Amino acid sequence: MDKSSSQRLPPLKRTWWLKHRFFKLYMLREATVLPLVFFTLCLLAGMVALLQGADSWQGWIAFMGSPIVLLLNLVALAASLFHAATFFVLFPRVMPIRIAGHSLPDQAIVAGQWAGVVVVALLFFWLLGRGA
Amino acid sequence: MNMNKHDVQHKQAFDEPLWWGLFSAGGVCFAVLLPAVILFIAVLLPLGLLPTEALSYERASSLLFSVPGFLFVGAVVCLPLFHTAHRLRHGLFDISVGNDTLNKKLMYGGAALLSVLALGLVVAGFLS
């Protein structure tokens, strides 16, 4: 569906969201995808480097270690965690879970998803933390 | 968001459930997988905090250019790209930049292109 501005409502100014904390946080959440785009492009570059050969791969790792790139990727890490914090609370609202007639408390669903984040991190540690 | 709902009742949005579905799936991957992926690949690896052989050229190649590598790229690159495209599209609408008909094509089109590129790289590495 095309979202065109209605004739019945006055158009909003571009800065409407700066007027309230709630909307600023909303925009911050929307903006979490910007550093993600940066990380994704880095990752794609890494895949190309890996395809090119061992020297390119080492060059890519060096590129990833340059201060600006590292800093932007730390921002991406923080953004992914902020996105997670906002996204996990939506789950129990969108899809309440009922087990044997009892609904699971919201906190339990949110905690379960954070446990998922930890499990994935542990999986990476298992895969990459111990050498070949 | 649906300010023009009543004006265009004849115009059904058949594609929107697809975009919202990809947005959701990508959001789950972004939240659950990306923190660990970014930590290990973009922070620990360049800082030299992983064992030397953990992501050597040989090991990284054999991990990525495989069936699990293909699924990894789907979950870590492709789905989050559609999540991103959706947020950018709606974000641009929120700050009245461009027009939504064009933004929609650019964003989802861009996500699709990069997804095909990413999966294509895995297949190319798998075949070489």
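Note that this is a predicted model, so its numbers are computed, not measured. Each chain gets a letter, A, B and so on, in the order its sequence line appears, and its residues count up from 1. The basis for the numbers below is simple: all heavy atoms, side chains too, and nothing from hydrogens, waters or symmetry mates.
Using a 4.5 Å cut-off between heavy atoms, A:Thr32 touches chain B through backbone and side chain atoms alike. Residue contact with chain B, scored on non-hydrogen atoms closer than 4.5 Å, involves the backbone and the side chain of A:Leu44 alike. When heavy atoms are compared at a cutoff of 4.5 Å, B:Val28 approaches chain A by way of both its backbone and its side chain. If you measure heavy-atom distances from B:Leu33 to chain A, the contacts under 4.5 Å come from both the backbone and the side chain. Interface remark: A:Phe88 contributes side-chain atoms only to the contact with chain B (heavy atom separation under 4.5 Å). If you measure heavy-atom distances from A:Leu12 to chain B, the contacts under 4.5 Å come from the backbone alone. For chain A, the nearby parts of B:Val37 are the backbone and the side chain; heavy atoms of each come within less than 4.5 Å. For chain B, the nearby parts of A:Phe124 are the backbone and the side chain; heavy atoms of each come within less than 4.5 Å. Looking at B:Phe40, the atoms closer than 4.5 Å to chain A (heavy atoms on both sides) all sit in the side chain, from C-beta outward. Within the 4.5 angstrom heavy-atom criterion, no atom of A:Trp114 approaches chain B. With a 4.5 Å cut-off on non-hydrogen atoms, A:Val48 touches chain B through its backbone and its side chain both. With a 4.5 angstrom heavy-atom cutoff, B:Leu44 does not touch chain A via any of its atoms. Heavy-atom distances place the side chain of B:Leu81, and not its backbone, under 4.5 Å from chain A.
If you chain together hydrophobic residues whose side chains sit under 4.5 Å apart, A:Ile99 and A:Ile109 fall into the same group. B:Leu119 and B:Val123 fall within a single hydrophobic cluster, where Ile, Leu, Val, Met, Phe, Trp and Tyr side chains are chained together by heavy-atom contacts under 4.5 Å. The hydrophobic clustering, which links ILVMFWY residues whose side-chain heavy atoms are closer than 4.5 Å, places B:Leu55 and B:Tyr57 together. Residues B:Val77 and B:Val116 do not share a hydrophobic cluster, defined by chaining ILVMFWY side chains whose heavy atoms lie under 4.5 Å apart. The cluster map of Ile, Leu, Val, Met, Phe, Trp and Tyr, joined by side-chain heavy atoms under 4.5 Å apart, puts A:Leu41 and B:Leu113 in different clusters.
Other residues, nucleotides and ligands place more than 12 heavy atoms under 6.0 Å from the CG atom of B:Leu102.
Heavy-atom pairs under 4.5 Å with chain B were tallied for A:Ile61, A:Leu51, A:Leu50; the largest tally goes to A:Leu50. Chain A forms the most heavy-atom pairs under 4.5 Å with one residue out of B:Ser61, B:Ala85, B:Gly91, B:Ser56, and that residue is B:Ser61. Of the residues considered (B:Asn103, B:Val122, B:Leu64), B:Leu64 shows the highest number of contacts with chain A, using heavy-atom pairs under 4.5 Å. The most heavy-atom pairs under 4.5 Å with chain A, out of B:Pro35, B:Ser24, B:Gly125, come from B:Pro35.
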Requested in this report: Take B:Val76 and A:Thr40, measure what side-chain contact (heavy atoms from CB on, under 4.5 Å) needs, and give me the verdict at the end.
Outcome: CA-CA 9 Å; B:Val76 166; A:Thr40 303; over 6 Å; no
Report task. Check step by step if side-chain contact (heavy atoms from CB on, under 4.5 Å) holds for A:His83 and B:Leu34. Result -> CA-CA 10 Å; A:His83 160 78; B:Leu34 265 292; over 6 Å; no
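Counting all heavy atoms, side chain and backbone alike, A:Met64 lies closest to B:Ile41 at CE-O, 4.3 Å. Across all non-hydrogen atoms, the minimal contact from A:Val37 to B:Thr84 is CG2-CG2, 3.4 Å. Contact between A:Ala121 and B:Ala36 at its shortest, heavy atoms only, is CA-CB, 3.6 Å. Of all heavy-atom pairs spanning A:Leu127 and B:Arg59, the tightest one is O-NH2, 2.9 Å. Closest approach of A:Gly129 and B:Pro51 over heavy atoms only: O-CG, 3.3 Å. In plain terms, the two heavy atoms of B:Ala60 and A:Trp57 that are nearest each other are CB-CZ2, 3.6 Å.
Atom CG of A:Leu43 is separated from atom CZ of B:Phe72 by 6.0 Å, given to the nearest 0.5 angstrom. Within the model, atoms CZ of B:Arg89 and CD of A:Glu30 stand 12.5 Å from one another, a figure rounded to the nearest 0.5 Å. Between the CG atom in A:Leu74 and the CD1 atom in B:Ile38 there is a gap of 9.5 Å [rounded to 0.5 Å].
For the pair B:Leu45/A:Leu128, no side-chain contact is recorded, criterion being any heavy-atom separation below 4.5 Å from C-beta on. Considering only heavy atoms from C-beta on, A:Met47 stays 4.5 Å or farther from B:Leu117 through its side chain.
Looking only at distances, a side-chain donor or acceptor of A:Trp16 sits under 3.5 Å from a matching main-chain atom of B:Asp94.
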